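All chains are named by letter (A, B, ...) in the order of the sequence lines, taking the proteins before the strands, and each is independently numbered beginning at 1. Quick note: numbers below take in every heavy atom, side chains included, and nothing from hydrogens, waters or symmetry partners. Because the structure is a prediction, the values reported are computed rather than measured.
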Amino acid sequence: MDGGIASLPLLHVDGLSVDFVTREATVHAVSDATFNLKPGEVLCLLGESGSGKSVTLRALMRLLPEKRARIAGKVTLGGRDVLALQGNALRSFRGGTVAMIFQEPMTALDPVYTIGQHLMEAIRRHKGGSRAEARKRAIELLDLVKIPSPERRIDAYPHELSGGLRQRAMIALALSCGPQLLLADEPTTALDATVQIQVLVLLRRLQKELGMSTIFVTHDLGVAAEIADRVAVMYAGRIIEEGPVDDVLRAPLHPYTAGLLASTVHDQSPDQDIAAIPGSPPDLRRLPPGCSFAPRCAKALPACNDGFPHPTYPVADRMVRCWRALPL
Amino acid sequence: MFGYIIRRILFALPIAIGVSIVCFSLVYLAPGDPLQTVLPPDATAETIAIVKHEYGFDRPVPVQYAIWLWHVVQGDFGRSIASRRPVTLEVFGSLANTAMLALFAVPVAFATGFAMGAIAGCYPGRILDRIVTGAAVIGVSLPNYWLGLVLVIVFAVEYMVLPASGMGKSGSAAFSLWRWSDAQFLVLPVVTLTMIPIGIIARTTRAAVAEVRSQEFVTTLRAMGLGEGAVIRHVLKNASPQVLAVMGLQFGYLMGGSILVETVFTWPGSGFLLNKAIINRDIPVLQGTILALSLVFVATNLVVDLLQATLDPRIRRA
Ligand SMILES: Nc1ncnc2c1ncn2[C@@H]1O[C@H](COP(=O)(O)OP(=O)(O)OP(=O)(O)O)[C@@H](O)[C@H]1O
Ligand SMILES: [Mg+2]
């Protein structure tokens, strides 16, 4: 890269927080998340179930319920203030600038509309044009995501397709209006192992070809290693470590990241114990005052319970939030 | 889809036959001797035997059924015991009168109920939802004969703007919808009849819409950049099979005629006829009316099934 315009961030997330407010309690689903994404870059969001990965993605697309979700911070995409978008500008932004792929393609598509109707509605919403043009474009898209005999499949209902094809259709829908940023929320978790790999390979190829920035949520460190340029690790609603994928996975700075790596079965001899992280994540309604990982952390100091650590940058391009960042 | 239609029709046939058996059995299910009303109290054993033979009661029951069915298929339900007129005339005359009420009550009730429920379901918990839900509960729980009486007292007795009962001086045969002097007789019964279906359809629609709106694909639609109107269209299409099922039932009830409402308004419809037939123990009329109404139900169900299948492709495979 020549360090010119291309390396300016496309997406700029600064201090993003999401609280769900109900009468009984406030759930701090995401707290103070900060990260950047350059054009064409793939960021993997890692973290346990409930750590706020999906909520982060939905906040970026303004898909959270307006009344109950209190969003704070700043999100800028291509110079536009995402959190200030309203009305028609917001609707054009959704699907046109940012698109999302969901985890469960069975429930994420309208069961009483055909694949083609979904695609054509999105295309005509964003690009206009006649039905015939939209249909032609829809067939091209199905072809792009390698759905066999797209002229026939375009008239299929979601339940008539296999899981893998459904997810491909979902990808086609996300790509239909040429988004700059693709958000993929565990897009392969619901699929069979072999199909997972095919869909992953497809996504990777399309991302490269179309040069989309991508945020990819996954539980699978192997997947992250495969497709990511950078990873961000979330714990209890906070990004606790962020950096280039190779560096983070090879030499984690945060004890939680280290624990995650150790608890995956990769490269371990069978007689070695799988080191799981003891304990469970905190209640998001009552976060501890200090580092939320401290109660489970083998390396915790008394100081860890005093306040949440600020981001530090022990190495260029790497961020960690830990009072005792692991020595490199 | 074509195969589905054929299958649904084939399913409807045994149901229709079952219904006809039940209707036929009414003669035997009704307490007392069916001949009791026809025969004079002092009839001799000989007379009884003759009458029995005339009505075919001396033959085996399956044969009686076959003969009865053969006549019914040809449109012959026998003669009314009370009026001696052919049952077919009585039944179709009254069914036509009830259908006239339904002709107005059905579109009014379905459109109002569906619109109310859709609005409530789209804004759950808001003021509009509370108003609609409250109104629906009132509509369902008001006894409609009471409401009919209140309407009569207010509009017919107090203000004298609408007639209280009957079909007017032209009567059942010459009644014309295009003459206000006749059509005004429809207003109060139609209003009374719509209350319960409006309430039930509003509640069903609200529940169905709220349920569909919480499904994940709605998020996908928003993520596609669709506006609220387009999202609501998807939601309503998804909710409509459930609503249609309830509408079918309500259509059946409206065609069946409400005994209470038709009695309050002395409207000579099928409810009114049933009431009369029960009081007179007029078995042929009862058989004919119930069979006709049941077939209306069966046909309605068939239509609902087919409509549901056109709206929801998943049903077609079942
Ligand atoms: N609409 C909502 N109202 C209230 N709380 C919510 C809502 N959506 C999410 N949450 C809460 O926010 C927290 C984070 O949820 P999120 O779905 O982002 O987790 P996740 O990291 O995606 O987990 P998973 O890996 O299981 O998908 C959870 O505790 C969840 O209960
Ligand atoms: Mg999630």
Within-4.5 Å side-chain heavy-atom neighbours: R94(A) and L226(B):
no
Could you state the interatomic distance from CE (M224(B)) to CD1 (I123(A)), rounded to the nearest 0.5 Å?
9.5 Å
Do other residues, nucleotides or ligands put more than 12 heavy atoms under 6.0 Å from the CD1 atom of I6(B)?
yes
Nearest heavy-atom approach of R91(A) to G227(B) is CD-CA, 3.2 Å
With a 4.5 Å limit on heavy-atom distance, are the side chains of Y113(A) and H234(B) in contact?
yes
Heavy atoms only, distances under 4.5 angstrom: which of G95(A), P111(A), A122(A) has the most pairs with chain B? Name it, please.
P111(A)
Heavy-atom count check: over 12 atoms from other residues, nucleotides or ligands less than 6.0 Å from Y145(B) OH?
no
What residue, out of T114(A), D110(A), I101(A), L173(A), has the most heavy-atom pairs lying under 4.5 Å from chain B?
D110(A)
Are any side-chain N or O atoms of T107(A) and backbone N or O atoms of E216(B), one a donor and one an acceptor, separated by less than 3.5 Å?
no
Taking all non-hydrogen atoms of both residues into account, name the closest pair between R222(B) and L63(A) and its distance.
CB-CD2, 3.7 Å
Judged by atom type as modelled, is there a donor-acceptor pair below 3.5 Å linking the side chain of R125(A) to the main-chain atoms of G225(B)?
yes
Nearest non-hydrogen partners of A230(B) and E121(A), listed with the distance
CB-OE2, 3.9 Å
Counting heavy-atom pairs closer than 4.5 Å to chain B, which one of M170(A), R62(A), M100(A), H126(A) comes out on top?
H126(A)
Please classify the contact between A108(A) and chain B as side chain, backbone, both or neither, with a heavy-atom cut-off of under 4.5 Å.
both
In terms of heavy-atom pairs under 4.5 Å with chain A, which of D312(B), T219(B), L311(B), L221(B) leads?
T219(B)
